[in-house]
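What you see is a predicted model; the values in this text were computed from it and never measured. We use all heavy atoms of the structure for the numbers below, so side chains are in, but hydrogens, waters and symmetry mates are not. Lettering follows sequence order; numbering is per chain, from 1.
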Protein chains: 2
Amino acid sequence: MLKRSISFLRSLNLMRLREGIQATRPTSSQLHHMISERKRREKLNESFHTLKSLLPPGTKKDKASVLTTAREYLTSLRAQVAELSKRNQQLEARLPPAAKEAYNEEAAGSSNERVSVTLTQVVSESTPDQDQQIFDLQVVLRSVECCTEDMVIRILEFLKQVNNVSLMSLEANTWMSGSDSNVNRVILRLRVDQGTEWDEAAFQEAVRRVVADLALNNCRNQ
Amino acid sequence: MLKRSISFLRSLNLMRLREGIQATRPTSSQLHHMISERKRREKLNESFHTLKSLLPPGTKKDKASVLTTAREYLTSLRAQVAELSKRNQQLEARLPPAAKEAYNEEAAGSSNERVSVTLTQVVSESTPDQDQQIFDLQVVLRSVECCTEDMVIRILEFLKQVNNVSLMSLEANTWMSGSDSNVNRVILRLRVDQGTEWDEAAFQEAVRRVVADLALNNCRNQ
DNA sequence: GTTTGCACGTGGTCGA
DNA sequence: TCGACCACGTGCAAAC
């Protein structure tokens, strides 16, 4: 019914335009403008309709209501994303880092090295923050009498001096391996702020030197 | 159909009237209509502006662009929520059962205490050694700025002074809780040689004092 | 020049 | 009747 009246008005106006055909020269441009505006309007209305279809179904078909509820829904979704991301980070923080590689490495060769430091980046698709990265630092030390406490303390005190990394989680184990030589393994999950420079190899080498120095000192003491 | 003809006649009459006399009918009702429509328009534009302010900042100030980008952003946020929720569920499913209690405890009350120390004996039927016992020491510290590194270092240095306990494994996490107050949790598995005297409550109280002292010092420093 | 976009006033419909 | 809402055509800018 409404469409009918609209089209009726349209034809009426067109008739009016044709009535003044002799005095109004820019009829074609005006007509083009008119239909262009009509096209714009219907496109905008279509966008309104599709947007309303995405909103929660109890929404009024009001244009203003569509806008305001879109705004509210958007902020709500943002809050949900933030909360979920935070909770996700909490969960990931206390998730034990994968320790399978250490076992394989220990079972295989490379045991001639008393200290091994590996640094692997954790790719997490849930929190793809571009300004920070997450690394897993694994330190394995085979020594006759280097207690895990000293090792962890040394590593942590070293980490405190590096200002753009922060500790997310830490996992340390010690176990006997073969005849009276125990193996200490520490896995640290680190969050690296990407703002400053970050030399991965240099950091790894520094950790290696710290641990090797600890092993030397301890062996000299005993 | 009848209505159509009626409206047609009416509009025709109105147009005739307007053509004839233009100054006699700008009555107050038309003026009210005008300013009301103006009010409506500016309110709608305001809604447009606020909605655009919530969109990603590279958005065109076009009305249609605002609508379409709002739609895209909304679907994107929805997808993010779905993916985060799925991942969250996966993470919660594979969460170790030991950490669930701490999670609930953190979510529930008992947050009035900034430091909590619990010591539980691990009964393991696989190694029923009678001359040594295994304990799990859990330390939770809620503080605005007590980094986990210091906490672990303090606990380990304290442990080094106790001569009849040795560290088996260590697990430390830190995560944000609420507004800018992070929670540090450290779980230590200790082997206690039963030969000498072993006062469980005293040990726990000593750990609590160490951690509380650390928190005090850190709060005083900052 | 043309196209795009927007605010304006206006007439019309639908519900209190 | 009054108020809210909407579509229409048009004048007026700025941008391709």
Side-chain angles (χ1 to χ4, degrees), chain A residues 1-53 55 57-72, chain B residues 1-53 55 57-72:
Chain A
M1 175 194 308
L2 191 132
K3 285 184 184 177
R4 290 270 170 142
S5 52
I6 285 178
S7 61
F8 147 72
L9 281 180
R10 199 178 290 176
S11 64
L12 188 141
N13 281 325
L14 283 182
M15 287 179 78
R16 270 181 94 201
L17 278 180
R18 291 205 187 131
E19 198 178 324
I21 199 171
Q22 68 272 15
T24 63
R25 281 85 57 195
T27 50
S28 62
S29 64
Q30 290 284 58
L31 192 141
H32 195 49
H33 186 27
M34 195 177 74
I35 59 179
S36 175
E37 183 69 9
R38 202 180 305 216
K39 197 74 170 143
R40 181 183 99 91
R41 251 193 294 264
E42 83 180 28
K43 182 146 188 127
L44 213 147
N45 278 348
E46 180 181 337
S47 285
F48 259 110
H49 203 259
T50 56
L51 178 58
K52 181 185 59 191
S53 69
L55 292 182
T59 315
K60 290 290 184 185
K61 47 190 293 189
D62 239 334
K63 279 185 181 175
S65 304
V66 165
L67 286 183
T68 56
T69 52
R71 175 168 61 89
E72 296 172 0
Chain B
M1 177 69 79
L2 192 131
K3 286 183 182 177
R4 263 213 295 163
S5 55
I6 288 180
S7 64
F8 163 69
L9 286 181
R10 189 157 51 170
S11 67
L12 193 140
N13 281 331
L14 282 182
M15 289 176 105
R16 273 175 149 196
L17 282 180
R18 169 118 24 100
E19 265 186 39
I21 317 159
Q22 65 270 22
T24 57
R25 284 304 179 205
T27 56
S28 59
S29 68
Q30 293 282 54
L31 193 140
H32 273 175
H33 188 25
M34 195 179 74
I35 57 177
S36 175
E37 186 65 12
R38 204 184 303 225
K39 261 289 188 186
R40 183 184 98 91
R41 249 192 292 264
E42 83 180 29
K43 184 158 188 129
L44 213 146
N45 278 348
E46 181 180 337
S47 285
F48 259 109
H49 201 262
T50 56
L51 177 59
K52 183 185 58 190
S53 69
L55 293 182
T59 316
K60 289 293 183 185
K61 46 189 293 189
D62 238 333
K63 278 184 180 177
S65 304
V66 165
L67 286 184
T68 55
T69 52
R71 174 169 60 88
E72 298 171 1

Undergrad: Take the protein atom CD of A/Gln30 and the nucleotide atom P of D/dC8, then report the distance between them rounded to whole Å.
TA: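 Whole-Å distance recorded here is 17 Å.
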Undergrad: Does the side chain of A/Met34 reach to within under 4.5 Å of the side chain of A/Arg38, using non-hydrogen atoms?
TA: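 The answer is yes, as the side chains (C-beta and beyond) meet within the 4.5 Å cut-off.
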Undergrad: Whether A/His32 contacts C/dT3 is assessed here as follows: a side-chain N or O lying under 4.0 Å from the phosphate OP1 or OP2. Is that the case?
TA: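 Yes, because at least one side-chain N or O of A/His32 sits under 4.0 Å from OP1 or OP2 of C/dT3.
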Undergrad: 5'-most contact on DNA chain C: B/Arg41 or B/Ala64, nearest heavy atom basis?
TA: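 Result: B/Ala64.
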Undergrad: What's the shortest heavy-atom distance between A/Thr68 and B/Ser47, and which atoms?
TA: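 Shortest heavy-atom separation between A/Thr68 and B/Ser47 comes out as CG2-OG, 3.8 Å.
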Undergrad: Are the side chains of A/Arg71 and B/Thr50 in touch, meaning some heavy atoms are under 4.5 Å apart?
TA: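 Yes, side chains in contact.
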Undergrad: Expressed as a whole number of angstroms, how long is the span from B/Ile35:CD1 to D/dC2:P?
TA: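 Atom-to-atom, B/Ile35 to D/dC2, this comes out as 14 Å.
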Undergrad: Using a strict 4.0 Å threshold on nitrogen-to-oxygen distance, state whether A/Lys43 and A/Glu46 make a salt bridge.
TA: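 Salt bridge absent between A/Lys43 and A/Glu46.
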Undergrad: Taking OP1 and OP2 of C/dA7, is either one under 4.0 Å from a side-chain nitrogen or oxygen of B/Lys63?
TA: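 For C/dA7, OP1/OP2 do have a side-chain N/O of B/Lys63 under 4.0 Å.
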Undergrad: Confirm from the modelled atom types if B/Glu37 and D/dC6 form a donor-acceptor pair under 3.5 Å, side chain to base only.
TA: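 Looking at the base of D/dC6, it does pair with a donor or acceptor on the side chain of B/Glu37 (distance under 3.5 Å).
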Undergrad: OP1 or OP2 of C/dA7 versus the side-chain N and O atoms of B/Asn45: is any pair under 4.0 Å?
TA: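 Yes, such a contact exists.
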Undergrad: Give the minimum heavy-atom separation between B/Leu44 and A/Lys63, together with the two atoms involved.
TA: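 Heavy atoms of B/Leu44 and A/Lys63 come nearest at CD1-CB, 4.4 Å.
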Undergrad: Can you tell me how far P of D/dA7 sits from NE2 of A/His49, to the nearest Å?
TA: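 After rounding, the gap between these two atoms is 11 Å.
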Undergrad: Within this structure, what is the CG-to-P distance between A/Asp62 and C/dG15, rounded to whole angstrom?
TA: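 Result: 13 Å.
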Undergrad: Examine D/dC6: is either OP1 or OP2 under 4.0 Å from a nitrogen or oxygen in the side chain of B/Arg40? Give yes or no.
TA: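 Looking at the OP1 and OP2 atoms of D/dC6, one of them is under 4.0 Å from a side-chain N or O of B/Arg40.
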Undergrad: In this structure, how many angstroms lie between the P atom of C/dT2 and the NE2 atom of A/His33, rounded?
TA: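 Distance check: A/His33 NE2 to C/dT2 P gives 13 Å.
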Undergrad: So, is A/Arg38 near the phosphate of D/dG9, with a side-chain N or O under 4.0 Å from OP1 or OP2?
TA: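 Yes, A/Arg38 has a side-chain N/O under 4.0 Å of OP1/OP2 on D/dG9.
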Undergrad: Between atom NZ in B/Lys60 and atom P in D/dC16, what is the gap in whole Å?
TA: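 These atoms are roughly 8 Å apart.
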Undergrad: Rounded off to whole Å, could you give me the NZ-to-P distance for the A/Lys43 and C/dT3 pair?
TA: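 Atom NZ in A/Lys43 sits about 17 Å away from atom P in C/dT3.
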Undergrad: Whole Å only: how far is the NZ atom of A/Lys61 from the P atom of C/dT13?
TA: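 To the nearest whole Å, that distance equals 16 Å.
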